[in-house]
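Please read the structure below before turning to the comments.
Lettering of chains follows the sequences in order, A, B, ..., and the numbering in each one begins at 1. Note that the coordinates shown come from a computational prediction; the quantities given were computed from them, not determined experimentally.
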Number of protein chains: 2
Amino acid sequence: MKKSSVEQLILETLSRENTHLTSLQVYEEIRKQLPAVNSSTVYRALERMSKRGMVSVSDIGTGAEVFEVVKNELHHHLVCQECGRIITIGQEDVRTFFKVIEQINDFEVFTNHLILFGLCSECRKKDNLS
Amino acid sequence: MKKSSVEQLILETLSRENTHLTSLQVYEEIRKQLPAVNSSTVYRALERMSKRGMVSVSDIGTGAEVFEVVKNELHHHLVCQECGRIITIGQEDVRTFFKVIEQINDFEVFTNHLILFGLCSECRKKDNLS
DNA sequence: TTTGCAATTGCAAAAATTTGCATTATAAAA
DNA sequence: TTTTATAATGCAAATTTTTGCAATTGCAAA
Ligand SMILES: [Zn+2]
Ligand SMILES: [Zn+2]
Ligand SMILES: [Zn+2]
Ligand SMILES: [Zn+2]
């Protein structure tokens, strides 16, 4: 390993791709630039980074967890269990909910990438017809 | 496989244990009653059951996803990232939040076991002192 | 600079999970 | 009952992820 730490490469990769990637996808991306890198090094770096809140880890219903770089402006998602459609929602309403939970339970919420599963409007229409 | 389907055994196991189990733990429990059962059979059954909403799947910060039987009265959790403490919360406030999200986004939320990460009050006190 | 310590990495083995395909069981239809 | 179609299961191989341990690196104190 030369100058570039794997963490730095992961951040660059996730920022560049700017989407949700599985740990394997991250590993394969990193390997393009650093062919000798070991998978466990990447996996362990991802784990560290998610603990520090640098990246988010989420199950979006695709089978494997996905990672995404965390920016200043947080976002969250609604995922349709039928068609897989991913709707991105902002912080506002989520923050309000978090505030309520925090006050009631004397608990400080850190969750930075909330995923809610359900049915999108299109799929609900289709289901009603059939 | 005789009469008993693996799904039935999984339901019984999760109901009996009445807690969060990893897929491997479920597999090992099932194997006690059905030594010849194959791991892929259990894993695939768990996947089917979570799709149907019979069991919940969640990351509670322990490394591996955990499964739990879904009852009529839903519950959710707050998980402390520092001490691992798991606080169980009821439906009320969560349901209110879901309703808001549903109306704004024309999306029907199915999520049956919400996990929020953060800091519990005890750990916040400790952190303030140090 | 040198020393010491903690964090990071590589490596190899183990463990856990997934996948493709053949077989078997279940249930509905004829 | 027999036929047919769908779903569940087993099996073996492949893939993905984790783990223990040793070696290396980075950083700061001495
Ligand atoms: Zn996202
Ligand atoms: Zn949909
Ligand atoms: Zn629970
Ligand atoms: Zn705590």
Side-chain angles (χ1 to χ4, degrees), chain A residues 1-14 17 19-69 81-82 84 130, chain B residues 1-14 17 19-69 81-82 84 130:
Chain A
M1 204 93 335
K2 299 292 165 53
K3 279 181 185 175
S4 54
S5 84
V6 164
E7 284 192 19
Q8 184 54 37
L9 281 181
I10 289 177
L11 265 192
E12 286 171 17
T13 299
L14 286 179
E17 303 282 330
T19 181
H20 309 115
L21 295 184
T22 67
S23 55
L24 183 58
Q25 288 173 323
V26 171
Y27 167 52
E28 286 173 342
E29 277 301 315
I30 300 298
R31 200 166 44 164
K32 287 181 185 169
Q33 302 175 248
L34 211 56
V37 76
N38 195 274
S39 59
S40 63
T41 300
V42 174
Y43 291 135
R44 284 192 274 224
L46 280 171
E47 197 183 336
R48 289 197 303 267
M49 294 165 80
S50 69
K51 269 186 189 158
R52 292 181 205 140
M54 303 164 73
V55 304
S56 65
V57 208
S58 320
D59 170 10
I60 55 172
T62 45
E65 283 187 323
V66 291
F67 294 82
E68 188 177 27
V69 64
Q81 287 182 325
E82 196 155 307
S130 60
Chain B
M1 205 91 337
K2 300 292 165 54
K3 279 182 186 173
S4 53
S5 83
V6 165
E7 284 191 20
Q8 183 55 36
L9 281 180
I10 289 177
L11 265 192
E12 286 171 19
T13 300
L14 287 179
E17 304 282 330
T19 180
H20 309 115
L21 294 184
T22 67
S23 55
L24 182 58
Q25 288 173 323
V26 172
Y27 167 51
E28 286 172 344
E29 277 302 316
I30 300 298
R31 200 165 43 164
K32 287 180 185 169
Q33 303 176 248
L34 210 56
V37 75
N38 195 273
S39 58
S40 62
T41 300
V42 174
Y43 291 136
R44 283 192 275 224
L46 280 171
E47 197 182 336
R48 289 196 303 269
M49 293 166 80
S50 69
K51 269 185 190 161
R52 292 183 205 136
M54 303 164 73
V55 304
S56 65
V57 207
S58 320
D59 169 11
I60 56 172
T62 46
E65 282 187 323
V66 291
F67 295 81
E68 189 177 27
V69 64
Q81 287 183 326
E82 196 155 305
S130 58

Quickly work out the [X] [atom1] to [N] [atom2] distance and round it to whole Å.
| X | N | atom1 | atom2 | result |
| --- | --- | --- | --- | --- |
| B/Leu34 | C/dA25 | CG | P | 13 Å |
| A/Ile30 | C/dG10 | CD1 | P | 12 Å |
| A/Ile10 | C/dT9 | CD1 | C1' | 12 Å |
| A/Glu7 | D/dT25 | CD | P | 17 Å |
| A/Arg31 | D/dT15 | CZ | C1' | 12 Å |
| A/Asn38 | C/dA13 | CG | C1' | 12 Å |
| A/Tyr43 | D/dT16 | OH | P | 7 Å |

Approximate separation, where rounding is to 0.5 Å, of A/Ile30 CD1 and A/Ser23 OG: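 The OG atom of A/Ser23 is 12.0 Å from CD1 of A/Ile30, to the nearest 0.5 Å.
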About how many Å separate CG of B/Leu46 and OG1 of B/Thr41, when rounded to the nearest 0.5 Å?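 With rounding to 0.5 Å, OG1 (B/Thr41) is 11.0 Å from CG (B/Leu46).
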Closest heavy-atom pair and its distance - A/Ile10, A/Val42: CD1-O, 4.0 Å
Of all heavy-atom pairs between B/Arg31 and B/Val37, which one has the smallest distance, and what is that distance? CA-CG1, 4.1 Å
Phosphate oxygens OP1/OP2 of D/dG10: is one of them under 4.0 Å from a side-chain N or O of B/Ser40? no
Nucleic acid contacts - residues 21-29 of chain A versus DNA chain D, non-hydrogen atoms under 4.0 Å: A/Ser23, A/Leu24
Going by the rule side-chain contact (heavy atoms from CB on, under 4.5 Å), which residues pair with [X] if we only count those two or more places apart in sequence or in a different chain?
| X | result |
| --- | --- |
| B/Leu24 | B/Thr22, B/Tyr27, B/Glu28, B/Tyr43 |
| A/Glu17 | A/Thr13, A/Thr19, A/Leu21, A/Glu29 |
| B/Ser40 | B/Asn38, B/Arg44 |

Suppose the criterion is side chain to side chain donor-acceptor pair (under 3.5 Å): which pairs have a residue in residues 55-66 of chain A, not counting sequence neighbours? A/Ser58-A/His113
Once side chain to side chain donor-acceptor pair (under 3.5 Å) is applied, what residue pairs with a partner in residues 46-55 of chain B remain, sequence neighbours excluded? B/Glu7-B/Arg48, B/Glu7-B/Arg52
Five pairs per end, C1' atoms only: what is the angle between the end axes of the helix from C/dT1-D/dA30 to C/dA30-D/dT1, to 10 degrees?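 So the angle between the two local helix axes works out to 30°.
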Partner residues of B/Glu82 under the side-chain hydrogen bond (donor to acceptor under 3.5 Å, both in side chains) criterion, sequence neighbours left out: none
If you take any heavy atom closer than 4.0 Å to DNA chain C, which residues from residues 44-65 of chain B end up in contact? B/Arg44
